[in-house]
Amino acid sequence: MDEEDTRDFNERCAQCSEVNWGLTDGGRFYCRSCHNVTERTREVVNTDFITNSRVQTISKSLRKQEKNDGGCEWYICEGFQLVLKKQAEALEALGVCPQMKDEILCNFWRCYLQKSKQAYCKRPAGETVKALSVCESSTDVDSDPERPSLLHLLSLSESEGDLQTDCSFASSVTKVSESTSVYSGSVDGSLYLMKNQKEKLRMTMPMTLSFCYMALLWLREPITLSELLRFVVEGHIPYLNVFQHFPEKMNLCGLDLRIFCVESWPVYEEVFNKMHELAAFLDLPRFPDITDSCFLHPDMLCMKYLMEANLPDELHNWTCRVVKKIGIGEVDFLTLMPGNKSTRKVKYDVLAAAIIVVVLKLLFLLDDHYEWLLSEFAEERNKNNTEGGPYFEFKKWYEVVKQSLDVEQKKLDEERAKYLWRCEKPLFYSVKNKPKVLKRRQMVVNLQNQFGKLSGSVRRAEKPNPSSFQLNWSEENTDGSCFHGHSLKGVLQEKCGLLTAMNPDYWLCTVKLCNEKLCGHLAHYREVEFPQSYHFVLGLFAFLLRIQPSYIHDEVTDTGKGNYQGNC
């Protein structure tokens, strides 16, 4: 049948120069050699496809769409591809290797499209969805509601069959005809949330960051997941309202807004877990080794966080000793092996922060008593100290860092409270209401400009350049606020030629063990059950990583108990 329909179409394929054409379910010509789909269509009118339903040709439907709103047909996966492109370009502008966008991330995305059967396969799922969308538009073209009924969509039962079979195709068309209240600007938007995704990873906005982090990890770039998410929140990487960068012809409305419109900050745990699910779903091989010369190695990250936390440089020797003692610096432990359930999923930044907390507990105990005694001892020694650097005083460090931390935390809270979630590009749920929404939006902008001129309001300051450090401490300050060069002699003693901690005790974080098997946590973190100094240290690193203190507490619990290879 395809040979007769394509007999008169003798143009060469623009991608592979072959003349080997076939027809998709929507009536468009595609190359059998490279699966390139052209814009050329064949006019076919078929009213016997499904009983009691009116089906129009895809080309006729497209012409009507262009006539009504000037838009073009597009798929959800194309929208996510644009998001990934913008994010990769932003990371490249931050100094990431150009290889990430053109080779690594591109190949990961192609592999995902092929595994999820959205492209690079014999019959992409999008072609079936396209035919369904034609049925939908033909049954209720002129009755667009102002807002889609999301509850009605969620109540629809998921299809259990293969969409490529005639039986499931007919049943899906029936479901579409029953859901006339669902509207979207994309071809497959109205069906995207209805798909049975038990065997596939359905693409979401947080997963775009999982793709980026997976590519960064493959290249061993010096950007941790916490830094990536912080750059997103600060606006250096497109994520919130990223659909504003979509081309004008890609009409975004209805259920498309539910897919691409984000009204919450990305969550560390969600992005991290989805990255590992993606790596397993794509059947990726073992990632490049994380050696001791890589930025993601605990020894490297500990050095960075010690500087940012304004702690003495000598603590780095102790963090290296802990890393070596319990075996968490080994290549096999740190390197990601997708699909291997026996290996631990390493959160490199959280692990490094937990190691520093463990070292502070080893030296200062952090029980709201012993660390203050050591501070008094160091203060007395500093009064009579005339040689070498000053002794480290935990109490003074606490006061200096707490003051700076409170200021930065207040600034962060104010920025988040003032953040405008509404984007500059107007959103609408129906093409019919587009002119009304655009006119209303323009009136609002004009009024804001006029009132701004009358009140003499100051324009927003430009975003500061991104930095890996949020707290900066200079040793050149004469006020003694920098503790990098301070000595730990006041808390150490020499035994058998080795420096050891004067503190002989170490308390575990497992005050109350969790008895729930499916919880996944060894013990829960409740502030009232732990010393305030310990809580302050957790809060400091939680601010630097922009995560909950409980995440670091879980890692400290595992590290302190020596649950890794080689117990303490």
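Since we're looking at a predicted model, the values are computed, not measured.
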[X] side chain to [Y] backbone, donor-acceptor under 3.5 Å:
X	Y	value
Y239	V83	no
E555	L351	no
E78	Y75	yes
H316	D299	yes
D289	T291	no
D256	S186	yes
D368	P531	no
S210	V271	yes
E308	Q470	yes
K304	S468	yes

Salt-bridge test for [X] and [Y]: reply yes if a basic N is under 4.0 Å from a carboxylate O, no otherwise.
X	Y	value
K411	E408	yes
E89	K101	yes
D283	K115	yes
D332	R286	yes

Is the distance between the ring centroids of [X] and [Y] less than 6.0 Å?
X	Y	value
Y213	F272	no
F364	F392	yes
F536	Y398	yes
F80	F211	no
H553	F530	yes

Just checking Q548: does its CD atom have more than 12 heavy atoms from other residues, nucleotides or ligands closer to it than 6.0 angstrom? no

Would you say Q403 has more than 12 foreign heavy atoms packed within less than 6.0 Å of its CD? no

Could you pull out the closest heavy-atom pair between F483 and N310, with the gap in Å? N-OD1, 2.9 Å

Taking it one step at a time, do D367 and K361 satisfy salt bridge (Lys or Arg N to Asp or Glu O under 4.0 Å)? CA-CA 9 Å; D367 65 345; K361 289 176 63 179; over 6 Å; no

Please lay out, stage by stage, how Q87 and L209 fare under the test side-chain contact (heavy atoms from CB on, under 4.5 Å). CA-CA 8 Å; Q87 292 175 346; L209 300 178; 3.8 Å; yes

What's the verdict on side-chain hydrogen bond (donor to acceptor under 3.5 Å, both in side chains) for D413 and Q409, showing C-alpha distance, side-chain angles and the deciding distance? CA-CA 6 Å; D413 294 339; Q409 185 67 58; 3.1 Å; yes

